[in-house]
Novice: 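Dumping the structure here so I can ask a few things about it.
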Amino acid sequence: RAGRCSDGQGAQVSTPVRANHLIAALIVVAAVLFVIGVGAETGEDDHRDEPASEVVEHSETGEVAEGEEGDAGDEAEERVLGVDVESPLLVIAAVVVSLLLAAVTWRRPTRGVLVVTGTVVAAFAVLDLAEMAPQLDEDNTGLVFLAAAIAVLHAIAAGLAFRQATTAESERAPAAR
């Protein structure tokens, strides 16, 4: 079934509705898995912190325990360009952006929307792949596979969005002549 939509310039573009629904669904599933991954990573960080806090509590000499230095190193690794990439605010922002892109792609799949969706989701895929390295270093095999799955979902959604944007452009070109 094909839907009609505007390309932002007044011309109607025929775009398969199912492809737009698939793009939106992939983005939503990736967002849900992202939230699960962040929750799992936070849970693992909490478990790692427990022994360090015990060391600090039992230290009566007032010296800095070795566990504290490891925690400070972990915090530095979580920062990119001075920004804590695992802050709750950025996680919420990423999920909100994902859900907004999914909703707009579902409802108004214009060429512009598809290009923006493809670009943002492709950037998310790159970030998902970048997240795999620290998880490998920490032997978080489950989170590595989860990050890889999310990256694949984002990459597929980006590819479909770019394909639909190109299809929309090629369908519009003969009508302009």
Novice: Measuring from atom CG of N140 to atom CE of M132, what distance do you get when rounded to the nearest 0.5 angstrom?
Specialist: 12.5 Å

Novice: What donor-acceptor contacts under 3.5 angstrom involve side-chain atoms of residues 148-158, with partners at least two apart or in another chain?
Specialist:
from, atom 1, to, atom 2, distance (Å)
H154, ND1, D128, OD2, 2.5
H154, ND1, I150, O, 3.4

Novice: What do the steps show when you test E41 against Q135 for side-chain contact (heavy atoms from CB on, under 4.5 Å), and what is the final call?
Specialist: CA-CA 9 Å; E41 186 173 15; Q135 297 306 328; 2.7 Å; yes

Novice: CD1/I36 to CG/L143 distance, rounded to the nearest 0.5 angstrom?
Specialist: 11.5 Å

Novice: If hydrophobic clusters are built by linking Ile, Leu, Val, Met, Phe, Trp and Tyr wherever their side-chain heavy atoms come under 4.5 Å apart, do V32 and V38 end up in the same one?
Specialist: yes

Novice: In terms of hydrophobic clusters joined by side-chain contacts under 4.5 Å, are L129 and L26 together?
Specialist: no

Novice: List the atom of Q164, the atom of A19, and the distance in Å for their closest heavy-atom pair.
Specialist: CD-CB, 3.7 Å

Novice: Write down the atom of S98, the atom of I27, and the distance for their closest heavy-atom approach.
Specialist: O-CG2, 3.2 Å

Novice: Verify the cluster assignment for V28 and V96: are they in a single hydrophobic cluster under the rule of side-chain heavy atoms below 4.5 Å apart?
Specialist: no

Novice: Using residues 116-127 as the side-chain source, report each donor-acceptor pair under 3.5 Å to any protein atom, sequence neighbours left out, with the distance given to one decimal.
Specialist:
from, atom 1, to, atom 2, distance (Å)
T117, OG1, T105, OG1, 2.9
T117, OG1, V113, O, 2.8
T119, OG1, V115, O, 2.8

Novice: Is V104 linked to L101 within one hydrophobic cluster, defined over Ile, Leu, Val, Met, Phe, Trp and Tyr using a side-chain heavy-atom separation of less than 4.5 Å?
Specialist: no

Novice: Specify the closest pair of heavy atoms between L146 and G37, including all atoms of both residues, with the distance to one decimal.
Specialist: CD2-CA, 3.3 Å

Novice: For the pair L114 and I23, evaluate side-chain contact (heavy atoms from CB on, under 4.5 Å) and give the outcome as yes or no after the intermediate values.
Specialist: CA-CA 9 Å; L114 292 167; I23 293 166; 4.2 Å; yes

